[in-house]
K.L.:
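I am attaching a structure below and will ask some questions about it afterwards.
Order of the sequence lines fixes the chain letters, A, B, ..., with proteins taken first and strands second; residue numbering starts at 1 for each chain.
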Amino acid sequence: MTQNNETTFRPEARSPRGFIDKRSGQIAIERRLIETVSKVYEDFGFEALQTPAFEYADALGKFLPDSDRPNVGVFAQQDDDDQWMALRYDLTAPLARFVAQNWETLPKPFRRYAFGPVWRNEKPGPGRLREFMQCDADIIGSDRPEADAEMIALAVAGYKALDVPARIRINNRKLLNGLLVSLGVTDSGQQLGVLRAIDKMDRFGPEGVALLLGAGRKDESGDYTKGAQLPDAAIQPVLDFVLAGGADTRSGVLEKLAAVLANSAEGQAGLEDLARINAAVSAMGVSEDEAIFDPGIVRGLEYYTGPVFEAEFLRELRDDKGNLVQMGSVGGGGRYDDLVARFTGQQTPATGFSFGVSRLAAALSLIDAGKRSGARGPIVIIAFSDSDMGEYFGFAAELRAAGLPAEVYLGRSGMKAQMKYADRRFSPAAVMIGEDELKSGTVTIKDLDLGRDLAMQISDNKAWREGRPGQVTLPRAEAVKHLKSIVES
RNA sequence: GCCGCCUUAGCUCACUUGGUAGAGCGCCAGAUUGUGGCUCUGGAGGUAGCCGGUUCGAAACCUGCAGGCGGUACCA
């Protein structure tokens, strides 16, 4: 065998970029997020729906099956009948497909929530993966602004239930459209450019955005971004509008914007939506701190048609090196009245909100980085001798029957390594049933948590070992009860 | 996609004009015949990202590729 070393293929053990392994701590956080948010969704009357990971590519939207590069943006492959199918990139497109397919039989308006992984084939970065988790709620078939208001109240309730400090920023596409029309910007390409420029306010500030609205901007890497080519006279009004949010109340912002949009019908309609959203949201008990109007929020271009929402994480985050982490939004949504029409030809009003579960989990684990997460190991039963394995398994079964997670050590190492193993699993206790215990009908139980605490006060190894911190030997009949008290403490 | 920087042990990083590699942490074992922490001792672990070139000789210099990081574009 040693001869073949040169010819034996050894793959490098690595995961594809943008895909990560999650261990118990991370999984526990995500699970808690999903369960909590799902409960809130159900409280608001949303029913659960699961759709498959794959959809036919044409159902997903702009990525057409006959496109030259079917894998741009999505992960696509050809089925054995040559049809292109692709992994879903969000939960909304599959919902639109489902609704179009089952419209006749659905209760309308249709409210559903869904959670699961989605995949995007694009450049990964910090806080930006190619496989991540979303948890969405949507209402299909209601054009009332109150439906949007409910999505906002839902988001607020969700973050509250999670105990995550967050604030929802709300805008309306109609406002921006109205402003642009009143400024004489009617070319759709130019409008798009303006929206993109506005979207970068938090990164580049007013000066950078002004450049992008006008001729263009050159960044530190030397890359040049062409601007929206707005005339100078139009740039300032756009900036003023975008910055009108400020630290005002919701109705205060609306008043401010009313003056600017006085001569735009679409703008007025947008303000009316927001006024009704404000009334409904206030009735549901959403405070001025929890949800604010911010004319600078843009989000998915060519997708949202009315109100849009974005959830910002309100706490400063630092990585393990102490650097400030740019979190981006931890959730968002809005109204998308054109999505179902792609399938049916019928305009179908729709609005929704999506929790960015993976991002939230990442944020929370940064906060909790110092302390150990909740993933405890099982009670570990030390394996002394091959001939007594039956005793160990018998006791493990007893513990499991009492509702205590337990396992028998299955390696072949000695006692010391076994204790180390239990420590590393973050186990609450180790159980010893050796010759002595068997002879006397007892069980020795070591409280590992107590030992962890005591270890800080003991510097002498002899004292540490002989003191046997947290360790007791008691009759077997009392063992389960004692272990239960350790686990529950 | 575009621009820049980077790639040496599991991790974080050294090796001051090219002479074929080290530390800390971690891991394993012993001191401690049945006991996790601390301390001490010992050990394992590297084709220096990959391919090619320059050279008597390359981890170091040069091409290319791949991967990572940062910025930028796109982002349903």
K.L.:
For A/N171 and A/D294, test the side chains for any donor-to-acceptor distance below 3.5 angstrom and give the result as yes or no.
P.N.:
no

K.L.:
I'd like to check, for A/Y89, whether its ring lies over the base of B/rA76 with centroids under 5.5 Å apart and a plane angle smaller than 30°.
P.N.:
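Stacked: ring centres under 5.5 Å, planes under 30°.
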
K.L.:
OP1 or OP2 of B/rU72 less than 4.0 angstrom from a side-chain nitrogen or oxygen of A/R217, does that happen here?
P.N.:
no

K.L.:
State which of B/rG67, B/rC28, B/rA73 makes the closest approach to the side chain of A/R17.
P.N.:
B/rG67

K.L.:
I'd like to know if A/Q418 reaches the base of B/rG34 with its side chain such that a donor and an acceptor end up less than 3.5 angstrom apart.
P.N.:
no

K.L.:
Taking donor-acceptor contacts at under 3.5 Å, does the side chain of A/Q471 reach the base of B/rU35?
P.N.:
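Between B/rU35 and A/Q471, which were checked side chain against base, a qualifying N/O pair under 3.5 Å is present.
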
K.L.:
For the C1' atoms, the ones on B/rA31 and on B/rC38, what distance do you get once it is rounded to whole angstrom?
P.N.:
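After rounding to an integer number of Å, I get 14 Å for this pair.
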
K.L.:
I need the CZ-C1' distance between A/R196 and B/rA73, as an integer number of Å.
P.N.:
9 Å

K.L.:
Can you tell me how far P of B/rC40 sits from CH2 of A/W464, to the nearest Å?
P.N.:
18 Å

K.L.:
With a 3.5 angstrom cut-off on both distances, give the Watson-Crick or G-U wobble partner of B/rC40, or none if there isn't one.
P.N.:
B/rG30

K.L.:
Which part of the nucleic acid, if any, lies within reach of A/Q134 when heavy atoms closer than 4.0 Å are counted: base, sugar-phosphate only, or nothing?
P.N.:
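The residue A/Q134 makes no contact with any strand.
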
K.L.:
Hey, is the side chain of A/R465 pairing donor to acceptor with the base of B/rU32 inside 3.5 Å?
P.N.:
yes

K.L.:
Which part of the nucleic acid does A/K200 contact within heavy-atom distance under 4.0 Å: base, sugar-phosphate only, or nothing?
P.N.:
sugar-phosphate

K.L.:
Do any side-chain nitrogens or oxygens of A/R468 fall under 4.0 Å of OP1 or OP2 in B/rG36?
P.N.:
no

K.L.:
Would A/E437 and A/T442 count as having a side-chain donor-acceptor pair, cut-off 3.5 Å?
P.N.:
no

K.L.:
When you compare B/rA59 with B/rA14, how far apart are their C1' atoms, in angstrom units rounded to a whole number?
P.N.:
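Approximately 12 Å lies between the C1' atom of B/rA59 and that of B/rA14.
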
K.L.:
Holding to side-chain hydrogen bond (donor to acceptor under 3.5 Å, both in side chains), I want the full list of residues that pass it with A/Y41, two or more places apart in sequence or in another chain.
P.N.:
none

K.L.:
NA contact type, A/K446, heavy-atom cut-off 4.0 Å: base, sugar-phosphate, or nothing?
P.N.:
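Contact class for A/K446: base.
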
K.L.:
For atom P, what is the distance between B/rC62 and B/rG26, given to the nearest Å?
P.N.:
37 Å

K.L.:
Roughly how far apart, to the nearest Å, are B/rC25 and B/rG42 at atom P?
P.N.:
14 Å

K.L.:
Think A/K416 has a side-chain N or O under 4.0 angstrom from the OP1 or OP2 of B/rA29?
P.N.:
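No, no such contact exists.
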
K.L.:
Map A/S413 and A/A455 onto RNA chain B by nearest heavy atom, then report which one ends up closer to the 5' terminus.
P.N.:
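The residue closer to the strand's 5' end, by nearest nucleotide, is A/S413.
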
K.L.:
Looking at every non-hydrogen atom in both residues, tell me the closest pair between A/T305 and A/D338 and how far apart they are.
P.N.:
CG2-OD2, 3.5 Å

